[in-house]
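Position 1 is the first residue of the sequence; numbering continues from there. Computation of the quantities below employed the complete heavy-atom set of this structure, encompassing side-chain atoms and omitting hydrogens, waters and symmetry-equivalent molecules. Just so we're clear, the structure is a prediction, and the values are computed from it rather than from any experiment.
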Amino acid sequence: MLIDFFYALRAGKLPVSVREFLTLLEALQAGVAGPNSDDAWSMEDFYHLARTALVKDEKHFDKFDRAFAAYFKGVELLTDITKDIPADWLRKMLERELTPEQKAAIEKMGWDELMETLKKRLEEQKERHEGGSKWIGTGGTSPFGHGGYNPQGVRIGGAGRNKSAVKVWEQRAYRDYDDTQELGTRNIKVALRRLRKFARTGSDLELDLPDTIRSTAANAGWLDIKMVPERHNNVKLLLLMDVGGTMDEHIQRVEELFSAVKSEFKHLEFYYFHNCVYDYMWKNNRRRFAEKFPTWDIIRKYNKDYKLVFVGDATMSPYEILQPGGSVEYNNEEAGAEWLQRLTHAFPHHAWINPEPQGVWQYRQSIAIIDQLLGGRMFPLSLKGLEEAMRLLSK
């Protein structure tokens, strides 16, 4: 059955590997989820275990829920009611889904009597039924089935109409995950891993198992250990971050991004600017007036193989971008647009990550100007946006 479940997940476009499936089987064998004291299985426990073992990224949770519901559904799966519908889960659903009047109505039949009646009907019924007030089917007023009405029923399959079923086994109680969601550090790391190019550098620190086996066999069985340097992400990243002013609203998210970037890239250089890039930047905000780094020096210092990433909300007066002297802090001799063009020319692989919600971009003239200057390479600080930016930079 679990092999078919594995194929059902793959059919649902979930990137589930054999290794992850074996992990699930090992967890079941270890008793992480299984029969309780009444020898009844908790489907909810199995659901959470399977999702933990098989789903690597939160963005796939909704696909998993759909595939899980599609596989574990149908009347035939509920024949043994004590094993397939956990009673404690049903009672919890009662508290959420029923009004006080409906709870009073179901007490007329009694919970145990309702579930026992469902079990008997499942054993007695041999064919599909529509309408009526007894058998499991569609329409009608039977307490069991879907598409009809009974304030004290159990819906089996299908879509609900009156929203009054005691138990809705097929209805997912989970909100869809959206790839436009705001990111945490873990999700940022996952997205950044699209921009990876590994190389073995440094001293020999790791065991090269294939070469060791090959060399030992060629040496008549005498152990010949071979070592290789560690693998490191060889991508070089130049990160320029807007700080202060309107960026104060995005401090937490940008800090999470910065933390993730520092852990993912060995070759990382970063500088700060305010609103737009001009003739200098800095590395320490407390000493930004004392320790300035000319932008020309930064352009000359780093090779074209560096990936350039701007992080900023691009929210400012258009004059700060287009006019000399437009900076709100000092009288800059050249417009910010000139420096942006020099930077993007020096580093062909570039992108702008904007923490401002994408829905307001159309109302900010400065955002449109910078997006145009960068050739449409502005992306929102969301899971989808960050993955698209990393995909562009990796080309």
(request) With sequence neighbours excluded, tell me which residues meet ring-ring contact (aromatic ring centres under 6.0 Å, His included) with F347. (result)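 Here no residue qualifies.
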(request) Using the test ring-ring contact (aromatic ring centres under 6.0 Å, His included), find all partners of F293 that sit at least two apart in sequence or belong to another chain. (result)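 Scan of F293 (ring-ring contact (aromatic ring centres under 6.0 Å, His included), adjacent residues dropped) gives Y271.
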With rounding to the nearest 0.5 Å, note down the distance linking [atom1] in [X] to [atom2] in [Y].
X	Y	atom1	atom2	answer
I367	M316	CD1	CE	8.5 Å
E388	S382	CD	OG	7.5 Å
L343	L308	CG	CG	6.0 Å
E338	L322	CD	CG	10.0 Å
T315	H250	OG1	NE2	6.5 Å
Y302	K236	OH	NZ	11.5 Å

Does any part of the side chain of [Y], heavy atoms only, come nearer than 4.5 Å to the side chain of [X], both counted from C-beta?
X	Y	answer
F289	Y330	no
L268	K262	yes
P355	M247	yes
I370	R364	no
L340	F310	yes
W352	T344	no
Q358	K384	no
I298	L238	yes

(request) Give the ring-plane orientation class for W282 versus Y280, where under 30° counts as parallel, over 60° as perpendicular and anything between as tilted. (result)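 Ring orientation, 0 to 90° scale: tilted.
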(request) Describe, in one word, how the ring planes of F5 and F64 are oriented to each other, choosing from parallel (under 30°), tilted (30 to 60°) and perpendicular (over 60°). (result)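 Perpendicular.
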(request) Apply salt bridge (Lys or Arg N to Asp or Glu O under 4.0 Å) to E249 and list each qualifying residue two or more places apart in sequence or on a separate chain. (result)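 Result, salt bridge (Lys or Arg N to Asp or Glu O under 4.0 Å) vs E249: none returned.
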(message) Please enumerate all residues that pass salt bridge (Lys or Arg N to Asp or Glu O under 4.0 Å) together with R377, with sequence neighbours excluded.
(response)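 Residues passing salt bridge (Lys or Arg N to Asp or Glu O under 4.0 Å) with R377: none at all.
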Short side-chain to backbone donor-acceptor contact, [X] and [Y], under 3.5 Å:
X	Y	result
E320	S317	yes
T216	I213	no
T23	A53	no
S259	E255	no

Identify the two heavy atoms, one from [X] and one from [Y], that lie closest to each other, and give their separation to 0.1 Å.
X	Y	value
K307	L237	O-CD1, 3.3 Å
A351	A389	CB-CB, 4.5 Å
A50	L24	CA-CD1, 3.8 Å
P348	A346	CD-O, 3.5 Å
W361	F379	CH2-C, 3.6 Å
I321	A335	O-CB, 3.6 Å

Counting only heavy atoms not in [X], do more than 12 fall under 6.0 Å of its [atom1]?
X	atom1	value
Y7	OH	no
Q365	CD	no
E329	CD	yes

(request) Check D248, N285, V254 against V243 for a side chain to side chain contact (heavy atoms under 4.5 Å, CB included) and give me the one that passes. (result)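 Only one of D248, N285, V254 forms a side chain to side chain contact (heavy atoms under 4.5 Å, CB included) with V243, namely N285.
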(request) With L240 as reference, evaluate E269, H350, M281 under the side chain to side chain contact (heavy atoms under 4.5 Å, CB included) test and give the passing residue. (result)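 The single option meeting the side chain to side chain contact (heavy atoms under 4.5 Å, CB included) with L240 is M281.
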(message) If you apply the rule side chain to side chain contact (heavy atoms under 4.5 Å, CB included), what do you find for D242 with H274, and how did you get there?
(response) CA-CA 5 Å; D242 184 6; H274 178 60; 4.1 Å; yes
(request) Mind running side chain to side chain contact (heavy atoms under 4.5 Å, CB included) on R253 and L257 for me, showing each step along the way? (result) CA-CA 6 Å; R253 299 175 63 201; L257 174 62; over 6 Å; no
(message) Let's go through Y71 and L9 carefully: what are the C-alpha distance in whole Å and the side-chain angles of both, what is the deciding distance for side chain to side chain contact (heavy atoms under 4.5 Å, CB included) to 0.1 Å, and is it a yes or a no?
(response) CA-CA 9 Å; Y71 185 77; L9 294 176; over 6 Å; no
If two hydrophobic side chains count as joined below 4.5 Å and joins carry through other members, does [X] share a cluster with [Y]?
X	Y	answer
Y278	Y319	no
W296	Y306	yes
I225	W222	no
L25	Y47	yes

(request) Apply the test side chain to side chain contact (heavy atoms under 4.5 Å, CB included) to residues R342 and H345: give CA-CA distance (whole Å), side-chain angles for both, the deciding distance (0.1 Å), then the verdict. (result) CA-CA 5 Å; R342 288 168 183 158; H345 177 74; 5.8 Å; no
(request) List in chain and number order the residues that pass side-chain hydrogen bond (donor to acceptor under 3.5 Å, both in side chains) with N354, two or more places apart in sequence or in another chain; answer none if no residue qualifies. (result)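 Expected list: none.
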Give the table of side-chain donor-acceptor pairs shorter than 3.5 Å for residues 11-22, with sequence neighbours excluded, one pair per line with atom names and distance.
{"residue": "S17", "atom": "OG", "partner": "E20", "partner atom": "N", "Å": "3.3"}
{"residue": "S17", "atom": "OG", "partner": "E20", "partner atom": "OE1", "Å": "3.2"}
{"residue": "R19", "atom": "NH2", "partner": "E26", "partner atom": "OE2", "Å": "3.1"}
{"residue": "E20", "atom": "OE1", "partner": "S17", "partner atom": "N", "Å": "2.9"}
{"residue": "E20", "atom": "OE2", "partner": "K56", "partner atom": "NZ", "Å": "3.1"}

(request) For S327 and N332, test the side chains for any donor-to-acceptor distance below 3.5 angstrom and give the result as yes or no. (result)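 No.
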(request) Test the K283-F270 pair against the cation-pi criterion, namely NZ or CZ under 6.0 angstrom from the six-membered ring centroid and within 45° of the ring axis. (result)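 Yes, cation above the ring, under 6.0 Å and within 45°.
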